[in-house]
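Fair warning: this is a prediction, and the values are worked out from it, not measured in the lab.
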Amino acid sequence: MMKIMPVDQFNAEAFKTPPIQTGNEIEAAVDAIIQNVRQKGDAALIEYAEKFDKVKIDAVTVSEAEIEEAFAACDDAFLNTLRQARDNIEAFHKRQVRNSFVVTEEGGKVLGQRVIPLKRVGLYVPGGTAPLSSSVLMNAVPPKIAGVKEIIIATPPGKDGKIHPAILCAAKIAGVTQIIKAGGAQAIAALAYGTESVPRVDKIVGPGNVYVATAKRRVYGLVDIDMIAGPSEILVLADGKSDPAFVAADLLSQAEHDKVASAILVTDSMELAQKVQAEVERQLQLLPRQEIARISIENNGKIVVVHDLSQGVEIANLIAPEHLEICVDDPFAYLGQIESAGSVFLGRNAPEALGDYWAGPNHTLPTSGTARFSSPLSVDDFVKKSQFIYYSREALEQAKDQIVAFAKAESLNGHANSVAIRFGESAV
């Protein structure tokens, strides 16, 4: 049962879901996997598929025939849903595109910045009981818009040696260029170092288990990564007019993700708190993933009763949740007060699932309180920026004395001399 507590018992640190923790045993296992993939390439991936996924695969890369088979297996209504969701995600993310710029100043100065897409990115899609085709769209559409030419998905095969049809269809619809049958740390190693079938990428994004998270930490620096994702989180800020059935359903939508997921209600109404507590218990009985959701609710489900919603906003900012719902009549009155949240869902008709699947903003979000300083996945994550400077001789001469003086103030006479020497002077 969800625990109800008054605000004076609130402790922000206790409410934050911890990031994925690793130990020496896991780190040693991941290091061994990475080294084996580096040495044996595709052969190691095939070995690990048999060892961890309990399946024999003949080839690492998904064939076009398998993709065609997947489209035949999915009904047209679902395919159309995937396409519409992709269109919504594209429409939102196209607004994030940054342009290069050039500034031409008097005296022969040209300054600028180039926005350059990454050449190749890798997207990790977890296996398990739920085929996360929505994650495929959310992770693949932004790099496509950014101009990335090669987008490679790594995801573990099922017991039949195939990838779930929903994953393959979503990948094709989103513009993915290659799909490999590999999960866990071995997939991260293949993307980071390359194999005979898997080209080395510039960046790896996507959530995974503790082995995936550890591998991403290990290869960071060789490649870029998005984040080390923690358990899923939702915080619902609701007034006393909220429907307890709606609030309970929204809390459970995250609790069913994982046993360590976090579902929190902050409300100014003790009556609502008690009704939601009872409604969560009722709805738990109906969920196919009841066992997972119940453990999440028992361990991490909390209800905080505050004096007013302004105090509730303060709590939300302290927790910095992955998902924040503001269930009031005028949610825009509170939006400007929200300083730290991955994605904010406004009003009584914006359940978190709307963002997971349909609306367009990305659902790959900062967790474990990292919304204090990080952002949702975006087009920006798949580009790099390069600056350029041009000065004519006349422009450099005008700035010469200031640059030389600045460099000497830092005791870097070689810097100073690189300017002075161009004008027949010496700074050393």
Next item on the list: Please test Ser343 against His363 for side chain to side chain donor-acceptor pair (under 3.5 Å), starting from the C-alpha separation and ending with a verdict.
Entry: CA-CA 8 Å; Ser343 194; His363 80 198; over 6 Å; no
Margin query: Under the criterion side-chain contact (heavy atoms from CB on, under 4.5 Å), I'd like the reasoning laid out for Val212 against Ile188: C-alpha separation, chi angles, the key distance, then a yes or no.
Written below: CA-CA 7 Å; Val212 170; Ile188 303 303; 4.0 Å; yes
Checklist line | Worked verdict on Val223 versus Leu191 for side-chain contact (heavy atoms from CB on, under 4.5 Å) | finding: CA-CA 9 Å; Val223 297; Leu191 292 169; over 6 Å; no
Next item on the list: Applying side-chain contact (heavy atoms from CB on, under 4.5 Å), run through Ile33 and Asn36 and close with a yes or a no.
Entry: CA-CA 5 Å; Ile33 290 170; Asn36 195 30; 5.7 Å; no
Item checked: Worked check of salt bridge (Lys or Arg N to Asp or Glu O under 4.0 Å) between Arg294 and Glu281 -> CA-CA 9 Å; Arg294 180 169 292 283; Glu281 287 300 306; 3.3 Å; yes
Notebook entry, point to check: Can you check side-chain contact (heavy atoms from CB on, under 4.5 Å) on Val236 and Ile264, steps first, answer last?
Noted result: CA-CA 6 Å; Val236 178; Ile264 300 167; over 6 Å; no
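Applying the side chain to side chain donor-acceptor pair (under 3.5 Å) definition to pairs two or more places apart or across chains, those involving residues 322-337 are Ser232-Glu322, Lys241-Asp329, His323-Glu352, Asp329-Arg348. Evaluation of the side chain to side chain donor-acceptor pair (under 3.5 Å) test over residues 180-194, restricted to residues two or more places apart or in two chains, returns Glu66-Lys181. Each side chain to side chain donor-acceptor pair (under 3.5 Å) pair with one or both residues in residues 100-125, not counting sequence neighbours, appears once here: Arg120-Glu150.
Taking 4.5 Å as the limit, every side-chain heavy atom of Ser296 sits out of range of all side-chain heavy atoms of Val260. Between Glu68 and Ser63 the shortest side-chain heavy-atom distance does not fall below 4.5 Å. A 4.5 Å side-chain heavy-atom check between Thr267 and Leu237 finds every atom pair outside the cut-off. Using a 4.5 Å heavy-atom cutoff, the side chains of Ile326 and Ile338 are in contact. Taking 4.5 Å as the limit, every side-chain heavy atom of Ile89 sits out of range of all side-chain heavy atoms of Arg86. Proximity of Leu284 to Val280: side-chain heavy atoms (C-beta onward) are separated by under 4.5 Å at one or more points. By the 4.5 Å heavy-atom criterion applied to side chains, Ile179 and Leu168 are counted as neighbours. Using a 4.5 Å cut-off on side-chain heavy atoms (C-beta onward), Phe10 and Leu318 make contact.
Around the CG atom of Asn349, the shell of radius 6.0 Å holds no more than 12 heavy atoms that belong to other residues, nucleotides or ligands. Within 6.0 Å of CD in Glu47 there are more than 12 heavy atoms belonging to other residues, nucleotides or ligands. Within a 6.0 Å radius of CZ in Phe406, no more than 12 heavy atoms belonging to other residues, nucleotides or ligands are found. Atom CD1 of Ile389 has 12 or fewer neighbouring heavy atoms from other residues, nucleotides or ligands inside a 6.0 Å radius. The environment of CZ in Phe332 is sparse: at most 12 heavy-atom neighbours from other residues, nucleotides or ligands sit within 6.0 Å. For Lys385, the NZ atom is densely surrounded, since the number of other residues' heavy atoms within 6.0 Å is greater than 12. Environment of CD in Gln285: crowded, with over 12 heavy atoms of neighbouring residues, nucleotides or ligands closer than 6.0 Å. By the neighbour-count criterion of 12 heavy atoms within 6.0 Å, atom CZ of Phe71 is densely surrounded, having more than that number from other residues, nucleotides or ligands.
Ion pairing between Glu27 and Arg218 holds under the 4.0 Å rule for side-chain N and carboxylate O. Taking the charged nitrogens against the carboxylate oxygens, Lys54 and Glu50 have no contact shorter than 4.0 Å, which rules out a salt bridge. Glu69 and Lys162 are joined by a salt bridge, as a carboxylate oxygen and a charged side-chain nitrogen come within less than 4.0 angstrom of each other. Contact check on Glu64 versus Lys172 returns a salt bridge, with a Lys/Arg side-chain nitrogen under 4.0 Å from an Asp/Glu carboxylate oxygen. Residues Glu298 and Lys3 are not paired through a salt bridge, judged by the lack of any N-O separation under 4.0 Å between the basic side chain and the carboxylate.
Partner of Met227 under the side-chain contact (heavy atoms from CB on, under 4.5 Å) criterion, chosen from Thr364, Thr370, Leu365: Thr364.
For Ala353, the side chain to side chain contact (heavy atoms under 4.5 Å, CB included) criterion is met by Tyr357, not counting sequence neighbours. Residues forming a side chain to side chain donor-acceptor pair (under 3.5 Å) with Asp42 (at least two apart in sequence, or on another chain): Thr195, Ser197. For Gln178, the side chain to side chain contact (heavy atoms under 4.5 Å, CB included) criterion is met by Thr61, Ile152, Ile180, Pro199, not counting sequence neighbours. Scanning for side chain to side chain contact (heavy atoms under 4.5 Å, CB included) contacts around Ser133 gives Phe78, Leu82, Ala166, Ala170, with sequence neighbours left out. Here Phe246 pairs with nothing under the ring pair (Phe, Tyr, Trp, His ring centres under 6.0 Å) rule; sequence neighbours left out. For the side chain to side chain donor-acceptor pair (under 3.5 Å) test, no residue two or more places apart in sequence or in another chain qualifies with Arg38. In terms of the ring pair (Phe, Tyr, Trp, His ring centres under 6.0 Å) criterion, Phe92 has no residue partners (sequence neighbours excluded). Residues satisfying the side chain to side chain contact (heavy atoms under 4.5 Å, CB included) criterion with Met270, sequence neighbours excluded, are Ile4, Ala273, Gln274, Val305.
The nearest pair of heavy atoms linking Pro156 to Ile163 is O-CD1, 3.6 Å. When all heavy atoms are compared, the tightest approach of Pro126 to Pro207 is CG-O, 3.4 Å. Pro131 approaches Ile167 most closely through the heavy-atom pair C-CD1, 3.9 Å.
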Donor-acceptor pairs are to be reported for all side-chain atoms of residues 375-384 against protein atoms at under 3.5 Å, with residues two or more places apart or in another chain.
unit_1, atom_1, unit_2, atom_2, d
Ser378, OG, Asp380, N, 3.2
Asp380, OD1, Arg98, NE, 2.8
Asp380, OD2, Arg98, NE, 3.1
Asp380, OD2, Arg98, NH2, 3.2
Asp381, OD2, Ser378, N, 2.8

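Note that CD1 of Ile303 is 10.5 Å distant from OG of Ser269, once rounded to the nearest 0.5 Å. How far CZ of Arg282 is from CD of Gln277: 15.0 Å, rounded to the nearest 0.5 Å. Here CG of Asp258 is found 10.5 Å from CG of Asn209. Values are rounded to the nearest 0.5 Å.
Defined by atom type and a distance below 3.5 Å, a donor-acceptor pair is present between the side-chain atoms of Asn88 and Gln84. Under 3.5 Å, the side chains of Glu279 and Gln283 contain a donor-acceptor pair of N or O atoms. For Asp268 and His307, the side-chain atoms include no donor-acceptor pair closer than 3.5 Å. In this model, no donor atom of one side chain and acceptor atom of the other lie less than 3.5 Å apart for Ser253 and Asp250.
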